Amino acid sequence: MKFLLNILLLVFSATIAFGQGSAVIKGYITGLYDHNISIQYKVDGKNKKIVVPCTAGSFEATLPLTHALEVNIYPEMYYDNAVQIKGSKSYLIAPPLLLFVAPGDEITVEGDAIQLWTATTKGGQFSKQLAQFNKSFVPLTSAIFTLSSQQQKWKNQDLQDSVKKIREKISGLAGDKKHIIMDYITTYPDNLFALYLLTKRMGSLPADKVSDIYNQFSIDLQQSFYGITVKDFMTKNEIATLGKDMIPFSAQSLTGEIIHSKNFRGKYLLLDFWGSWCQPCRKSHPHLLALYNKYKAQGFEIVGIAQERGSDPTNSWKKAVKEDGINWIHLLNNHQKEKQDLVSEYQVSAFPTKILIDPTGKIIWKGIGNAGNELDAKLVEFLGK
């Protein structure tokens, strides 16, 4: 009897432990038909996906969790609101429903499959915070999806002028979404969801900005999973921050030449982190080329460090260099990642990122995304008009 009691106690303890480290998501989705629900999230930086069977639109899933995290929900293999990409089996699909789920949560979702990202949710420790955030965020998500769907239809018809016009509208709304995220982070430094959002945006912010925002959060939040994530990011980022020595490198260029960072001593060197897939990167190239031609004779050099996507990174890289007519030194980070990952070492998590290094090898400026005329001003300051 005593042995049996001990076994029962062990089982009961395991059940409690699992309950404390899990969350339940229930839902009823109209218009789902014979489709199931896909649930995606990340654990230790790795994508996890489970497909949950549905009966008459109802589903229930239990997720094992060790901390609060973002969960994305969407109908599996559902194309009623998708646009097929011409000449491909791929589709532009609708955005998922965003949840922020913590261990112990029991969350209920109700909505329609055709626009699941707008579904109502109840329950969970962060339901109020998420609802406040979604008031502004969801309408923009809907607007961007509508425009993106129309853009893809025009792409399929090869109506490039129309595609270009709508792309500018999408870009503007995407900028509005970034502002909403930043406004939420700075307005609510008393909740974990805001701190989580900071981990999503910190790679595109100046180091001092990240530090200022981080310091607004309480000590308890700073010691949370996401607080530690931000702290680790700031610590690593100090290696490549203003006033620090540039990180030495040696790599093969597009022309086959071995490039050593030490060879740029005595010059002002700009590291341009970009990719052929990155439209803001490509848009910055004409002006960057003008600066290069203007200051090259005065000791200004550029090394482009590309991070490519897709199955053929080399050809994508070479094609973009040729199309943009950018005649400075080029390295492909994909080629040498195992030897030295410069994108990682320089803590580049947003493209484009530009880093200016002085003749002594010190980092004197870092620009993320559209840095405006900051680089121009720095070059005037050091090299004159």
Side-chain angles (χ1 to χ4, degrees), residues 27-42 47-54 57 59 70-99 109-121 133-181 200 275-283 308-313 315-316 319-320 323 351:
Y28 178 72
I29 311 300
T30 59
L32 198 56
Y33 309 119
D34 58 345
H35 298 278
N36 294 322
I37 285 292
S38 178
I39 300 178
Q40 289 190 346
Y41 56 101
K42 283 188 176 183
N47 291 322
K48 299 287 184 179
K49 174 183 174 179
I50 60 173
V51 178
V52 184
C54 300
F59 72 91
E70 176 182 332
V71 173
N72 291 295
I73 299 178
Y74 58 91
E76 178 75 1
M77 304 293 289
Y78 183 88
Y79 302 122
D80 285 16
N81 55 1
V83 180
Q84 187 167 10
I85 299 170
K86 185 179 179 180
S88 168
K89 294 182 180 180
S90 301
Y91 288 79
L92 172 69
I93 62 172
L97 170 66
L98 165 66
L99 299 177
V109 175
E110 292 185 4
D112 191 282
I114 203 76
Q115 48 181 3
L116 187 56
W117 69 93
T118 67
T120 59
T121 61
F133 176 73
N134 280 336
K135 281 183 182 179
S136 301
F137 195 76
V138 168
L140 279 176
T141 300
S142 299
I144 290 174
F145 177 60
T146 299
L147 289 171
S148 297
S149 297
Q150 183 60 62
Q151 181 188 46
Q152 186 57 55
K153 291 175 183 176
W154 282 337
K155 280 184 179 179
N156 290 346
Q157 299 173 51
D158 201 27
L159 300 175
Q160 295 304 320
D161 289 341
S162 298
V163 168
K164 183 178 179 181
K165 290 178 182 177
I166 208 166
R167 182 187 295 136
E168 292 173 354
K169 292 181 180 179
I170 294 171
S171 179
L173 291 176
D176 291 341
K177 286 183 77 169
K178 291 177 182 178
H179 288 308
I180 287 172
I181 294 172
K200 301 278 283 185
S276 65
W277 48 269
C278 169
Q279 288 300 319
C281 302
R282 306 286 295 274
K283 284 183 178 180
E308 290 298 331
R309 298 174 177 175
S311 59
D312 193 357
N315 280 336
S316 298
K319 181 181 177 183
E323 287 177 349
F351 292 83

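None of these values were measured; they are calculated from a predicted model.
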note = Sequence neighbours excluded, the answer for side-chain hydrogen bond (donor to acceptor under 3.5 Å, both in side chains) partners of Asn72 is Glu70

key: Nearest atoms (heavy-atom pairs only) where Leu92 meets Ser148   = CD2-O, 3.3 Å

note = Here the pair of heavy atoms bringing Ala113 nearest to Ile29 is N-CG2, 3.4 Å

inquiry  = Any non-hydrogen side-chain atom of Tyr33 less than 4.5 Å from a side-chain atom of Asp80?
reply    = yes

key: Derivation and outcome, ring pair (Phe, Tyr, Trp, His ring centres under 6.0 Å), residues Tyr74 and Trp117   = CA-CA 8 Å; Tyr74 58 91; Trp117 69 93; over 10 Å; no

task = Identify whether the distance between the nearest side-chain nitrogen and carboxylate oxygen of Glu76 and Lys49 falls below 4.0 Å.
result = yes

Gln84 side, atom CD; Tyr91 side, atom OH - distance, nearest 0.5 Å = 4.0 Å

inquiry  = Distance check, rounded to the nearest 0.5 Å: Ile37 atom CD1 versus Leu116 atom CG?
reply    = 5.5 Å

message = Going by side chain to side chain contact (heavy atoms under 4.5 Å, CB included), name the residues that satisfy it together with Asn315, two or more places apart in sequence or in a different chain.
response = Asp312

note = Output for pair (Phe137 CZ, Ile181 CD1), nearest 0.5 Å, gives 4.5 Å

task = Walk me through it: do Thr141 and Lys177 pass the test side chain to side chain contact (heavy atoms under 4.5 Å, CB included)?
result = CA-CA 8 Å; Thr141 300; Lys177 286 183 77 169; 3.3 Å; yes

task = Mind running side-chain hydrogen bond (donor to acceptor under 3.5 Å, both in side chains) on Glu308 and Ser276 for me, showing each step along the way?
result = CA-CA 7 Å; Glu308 290 298 331; Ser276 65; 2.5 Å; yes

task = List the atom of Cys54, the atom of Leu32, and the distance in Å for their closest heavy-atom pair.
result = SG-CD2, 3.6 Å

message = Working to the nearest 0.5 angstrom, can you tell me the gap between Asp176 CG and Ile144 CD1?
response = 8.0 Å

Straight-line distance of Ser149 OG to Ile93 CD1, nearest 0.5 Å = 11.0 Å

task = Mind listing the closest non-hydrogen atom pair of Gln152 and Lys86 along with its distance?
result = NE2-N, 4.5 Å

message = Looking at every non-hydrogen atom in both residues, tell me the closest pair between Gly111 and Ala119 and how far apart they are.
response = CA-CB, 3.9 Å

ask   = Please walk me through it: do Thr118 and Asn134 pass side chain to side chain contact (heavy atoms under 4.5 Å, CB included)?
value = CA-CA 9 Å; Thr118 67; Asn134 280 336; over 6 Å; no

query = What is the minimum heavy-atom distance between Asp112 and Gly31, and which atoms define it?
reply = OD2-N, 4.4 Å

ask   = Rounded to the nearest 0.5 Å, what separation is found between the OH atom of Tyr78 and the CG atom of Asn36?
value = 13.5 Å

query = Do Leu98 and Ile73 come close enough that some side-chain heavy atom pair is under 4.5 Å?
reply = no

ask   = Side chains of Thr30 and Ile114: closer than 4.5 Å at any heavy-atom pair?
value = no

Just list the side-chain donor-acceptor pairs under 3.5 Å for residues 159-175, sequence neighbours left out, or say none.
from: Gln160; atom 1: NE2; to: Asp158; atom 2: OD1; distance (Å): 2.9

